[in-house]
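This report refers to the structure that appears directly beneath it.
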Amino acid sequence: MIFKHSAGLWYNRPAMINLDQLNAQQRAAVTAPLGQVLVLAGPGSGKTRVLTQRIAYLIEEMGVRPHNILAVTFTNKAAREMQHRLQSLLGDDSQGVWLGTFHANCARILRREAQYLSFDHNFVIMDSDDQQALVKRAIRELNLDEKLYRPTSIHAAISSAKNNLITPADFPTQSYRDEITKRIYERYQILLRDSNAVDFDDLLLETVRLLVDNPQVRERYARRFEHILVDEFQDTNLVQYELLKLLGSVHSNLFVVGDEDQSIYRWRGADYRNVLRFEQDFPDCLKILLEQNYRSTQTVLDAARAVIDRNKHRTRKHLFSERGMGERLVLYEAVDEHAEAAFVVDTIQQWVTSGKARGSDFAVMYRTNAQSRLLEEAFLRAGLPYRLVGALRFYGRREVKDLICFLRLVHNPDDEVSLARVINVPPRGVGEKTMVALQLAARQANLTAGQLLIELGEQGERSAHWGRFSGRSLLPLADFGSLLAGWRRAAAEGLSLPGLFDRILLDTAYQEYIDDGSNEGKERWDNVQELRRLGYEFREGGLTAFLENLALVSDQDTLPEEAGNAATLLTLHAAKGLEFRFVFIIGLDEGLLPHARSKDDPEEMAEERRLLYVGITRAKDRVYLVRAQQRSQYGGPEIQEPSRFLEDLPDSLIQRQGQRRQRERWESPESLALRTRRFSAAQAQTSAALIEPRFHPTDRVRHPVWGEGIVMESRIQDGDETVDVFFESVGFKRLVASLANLELLPKT
DNA sequence: AAGGCCCTTCTTTTT
DNA sequence: GAAGGGCCTT
């Protein structure tokens with residue numbers, strides 16, 4: 001071993017890499033010679049372990065300086081996890097490794113090399129909402145029909161072009177629609193740059209462009225990164241692949257780890273064929289298969305394999321486990337989505353009550369975020385704790401986004417998207433007309449709208465632009481301008497991030513604006529406070545670091561690290577890289593998994609299959625596959641067909657649970673729905689700890705004495721629920737729910 | 001300019 | 001079954 005520090009310190013070192021703990025294949029990967037290494041790692045085969053051990057090996061055994069290592073992951077979560085593991089493996093020796101997502105690493109490079117770029121270093125990063133708004137704006141500016149050219153679909157086309165290194169100039173125009181898309185793309189790029197902004201895709205694309213156009217810059221980075229390691233290589237897209245080649249153009253020590261079978265981001269440009277491309281581009285690369293699974297029982301693996309082996313064009317792997325056969329997978333067919341959720345919750349509760357499992361041993365996975373709502377309700381009713389990954393859309397909340405946009409404006413007044421969003425928040429009399437006047441005046445003065453506003457605010461009547469606006473629009477604009485100018489001055493004079501935050505809240509009377517005293521108002525204000533708390537963590541790094549973090553950290557990353565005793569609810573996509581003793585996969589119906597939108601495209605269908613594969617292979621011990629015979633998709637209930645993937649599972653691996661009986665013929669869907677609701681309500685009454693009100697305003701209820709009434713209000717008080725009801729017979733009554741024996745009636 | 005109401009439309013997954 | 005857009009009124 002090479003100790004680079006004084007000998008007296010060696011015993012303070014954390015445990016060092018121990019090759020004996022690895023199996024032969026893992027060891028071969030960790031200790032592979034210089035050059036290109038392709039590790040095809042099945043699920044649960046110790047992929048992350050191999051990656052971190054490899055880095056440790058490079059540093060400890062090969063004497064590589066951390067500074068010369070670049071490690072790229074796909075998600076922030078994975079980056080954090082690896083950072084953590086490196087820290088415990090290497091201690092401070094892990095400092096200096098460039099570790100992060102593709103996007104974060106690119107943002108870092110772009111900010112450093114701003115002098116070579118067409119935007120300056122304090123650029124903002126537009127998230128999907130912003131991008132959408134900008135595409136819409138481009139479409140409007142070109143006087144196009146939004147119905148015909150939907151911002152979502154145009155944006156998808158632009159994004160896909162960017163992921164394939166296609167600039168507006170190169171955009172292929174085989175149809176009239178392509179022609180239009182190309183023009184929108186051009187306009188969109190101009191709008192972005194005028195705002196001194198880049199979008200997610202630009203982070204990668206502009207970095208590639210930077211490295212291609214500036215050989216000396218490329219040389220500098222390529223020289224520096226002696227070793228490049230990539231996680232989830234199957235999910236890289238063309239731009240990312242190019243980027244790796246550019247950054248590796250001097251040393252070409254590329255260590256990539258991936259699994260074609262777990263490629264689930266095709267829709268985002270990911271191309272698992274990059275694995276094949278890699279083998280072609282580097283014919284001498286060392287290829288290592290990790291096939292021993294340390295996670296699941298053999299039955300789980302067999303089931304997963306039965307699903308995935310139907311896919312073509314892949315390296316077949318023969319996953320094996322030494323954990324024994326284990327139990328068969330349970331298949332449960334519920335009558336509808338309510339019963340589906342009830343089955344999940346009941347089953348978890350039984351396991352937990354039996355003492356054989358803890359809540360945190362369970363995960364419930366689904367195809368679409370919309371499916372989480374019923375589950376949440378069922379968990380709440382049962383008093384079972386859960387944590388929900390993503391879907392919270394914390395950053396998508398209006399109040400959160402508003403404040404981020406104020407901050408973005410302070411940071412970069414040219415940001416038109418943010419300006420358009422908050423110039424009238426709270427309402428100060430700036431409408432469409434005023435915005436048009438502002439933009440016109442700005443264009444004539446050759447300023448951005450934000451710059452013009454700041455000048456109005458700073459100079460007041462002395463400004464040359466003062467006379468440009470009519471009386472009606474002038475004051476609100478000058479008003480906002482002086483706010484913005486004041487914030488910028490304060491920030492420049494060193495006001496801390498929390499201080500700035502508070503000043504913005506105060507100046508805009510934001511609390512009065514969003515907190516109207518209702519429950520929702522209170523919640524909105526809580527969200528603001530939560531954002532402030534996040535900002536507090538960045539009081540050192542300042543505004544730039546905070547905004548960059550907000551842009552690059554997704555809702556998926558807001559998952560509380562400590563699960564406590566809570567079960568995890570998450571999409572199949574979000575489940576990748578995680579493991580749980582018990583896995584429920586719900587919604588195994590045609591149209592949902594596989595999703596209806598993948599029906600016509602074999603490639604997409606193959607990806608749906610991989611999604612299920614990823615889900616099943618998350619399980620250590622048990623898998624529950626759940627579906628519903630009937631489901632309310634949108635509006636009315638619809639009969640569901642079982643997922644085609646269920647047919648691929650041999651009976652020997654499956655144990656059916658519950659009745660498969662179809663509804664009795666004479667029972668109408670309406671009465672069935674009614675029965676299910678009664679069942680749910682009855683269940684609610686028996687459930688334990690009250691977390692959420694059972695009654696809500698406008699609910700109809702029946703009291704044993706006073707008869708039917710309407711709920712006016714309900715709240716949790718001292719662990720019980722206090723309900724205000726207006727009864728037809730006696731009028732207004734305030735009741736304690738646990739004593740009053742109220743019956744919840746079906747909605748009419 | 002702003003708020004309210006009714007209409008349509010659409011729902012995949014996320015850095 | 002929600003969210004956004006269009007159209008209405010104030």
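All values reported here derive from a predicted model rather than from experimental measurement. Letters go in sequence order (proteins before strands), and every chain restarts at 1.
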### Message
Measuring to OP1 and OP2 of B:dA2, would you say a side-chain N or O of A:Asn424 lies under 4.0 angstrom away?
### Response
yes

### Message
Rounded to whole Å, please give me the gap between CG in A:Leu243 and P in B:dT15.
### Response
18 Å

### Task
Could you check how far CD1 of A:Ile264 sits from C1' of B:dT14, rounded to whole Å?
10 Å

### Query
Can A:Arg610 be said to sit on top of A:Tyr613's aromatic six-ring, NZ or CZ under 6.0 Å from centre and within 45° of the ring axis?
no

### Salt bridge flag under 4.0 Å for residues A:Asp589 and A:Arg627
yes

### Message
Using a 4.0 Å heavy-atom cut-off, does A:Arg610 contact any base of the nucleic acid, only the sugar-phosphate backbone, or nothing at all?
### Response
nothing

### Task
Check side-chain hydrogen bond (donor to acceptor under 3.5 Å, both in side chains) between A:Tyr185 and all other residues, then give those that pass, not counting sequence neighbours.
none

### A:Met82 side chain reached by A:Leu51 side chain, heavy atoms, under 4.5 Å
yes

### Task
Could you check how far CG of A:Asp201 sits from C1' of B:dT15, rounded to whole Å?
9 Å

### Query
Expressed in angstrom and rounded to an integer, what is the separation of A:Lys576 atom NZ from B:dT14 atom C1'?
11 Å

### Query
Can you find a heavy atom in the side chain of A:Val208 that is under 4.5 Å from one in the side chain of A:Lys245?
no

### Task
Look at A:Arg266 and B:dT13 and indicate whether a side-chain polar atom (N or O) is within less than 4.0 Å of OP1 or OP2.
no

### Query
Any side-chain heavy-atom pair from A:Tyr265 and A:His573 closer than 4.5 angstrom?
yes

#### Entry: A:Arg609/A:Asp261 ion pair, N-O < 4.0 Å
no

### Task
Counting heavy atoms from C-beta on, name the nucleotide in C:dA2, B:dT11, B:dT14 closest to the side chain of A:Arg373.
C:dA2

### Query
Taking only residues two or more places apart in sequence, or in another chain, which ones meet A:Tyr149 in a side-chain hydrogen bond (donor to acceptor under 3.5 Å, both in side chains)?
none

### Message
For the P atoms, the ones on C:dG4 and on B:dT13, what distance do you get once it is rounded to whole angstrom?
### Response
16 Å

### Query
What is the distance from CE of A:Met605 to C1' of B:dT13, rounded to the nearest Å?
15 Å

### Whole angstrom value for the distance that separates P of B:dT13 from NE2 of A:His573
9 Å

### Query
If you look at every strand shown and take non-hydrogen atoms under 4.0 Å, does A:Asp127 touch a base, only sugar-phosphate, or nothing?
nothing

### Message
For DNA chain B, which residues of residues 425-435 of chain A approach it to below 4.0 angstrom with any heavy atom?
### Response
A:Pro427, A:Arg428, A:Gly429, A:Val430, A:Gly431, A:Glu432, A:Lys433, A:Thr434

#### Entry: Residue-level proximity of residues 128-155 of chain A to DNA chain B when a heavy atom falls under 4.0 Å
A:Ser128, A:Arg150

#### Entry: Integer-rounded Å distance: B:dT14 C1' and A:Asn76 CG
11 Å

### Message
Under the side-chain hydrogen bond (donor to acceptor under 3.5 Å, both in side chains) definition, can you give me all pairs with a residue in residues 423-432 of chain A, not counting sequence neighbours?
### Response
none

### Query
Excluding sequence neighbours, so at least two apart, what forms side-chain hydrogen bond (donor to acceptor under 3.5 Å, both in side chains) with A:Thr167?
A:Asp170

### Query
Hey, which of these two, A:Phe74 or A:Glu604, hits DNA chain B nearer its 5' end, going by closest nucleotide?
A:Glu604

### Query
So, is A:Asn369 close to the B:dT14 phosphate, meaning a side-chain N or O under 4.0 Å from OP1 or OP2?
yes

### Query
A:Phe102 near the nucleic acid: base, sugar-phosphate alone, or nothing, with a heavy-atom cut-off under 4.0 Å?
nothing

### Query
A:Trp267 has an atom CH2; how far is it from atom P of B:dT15, in whole Å?
8 Å

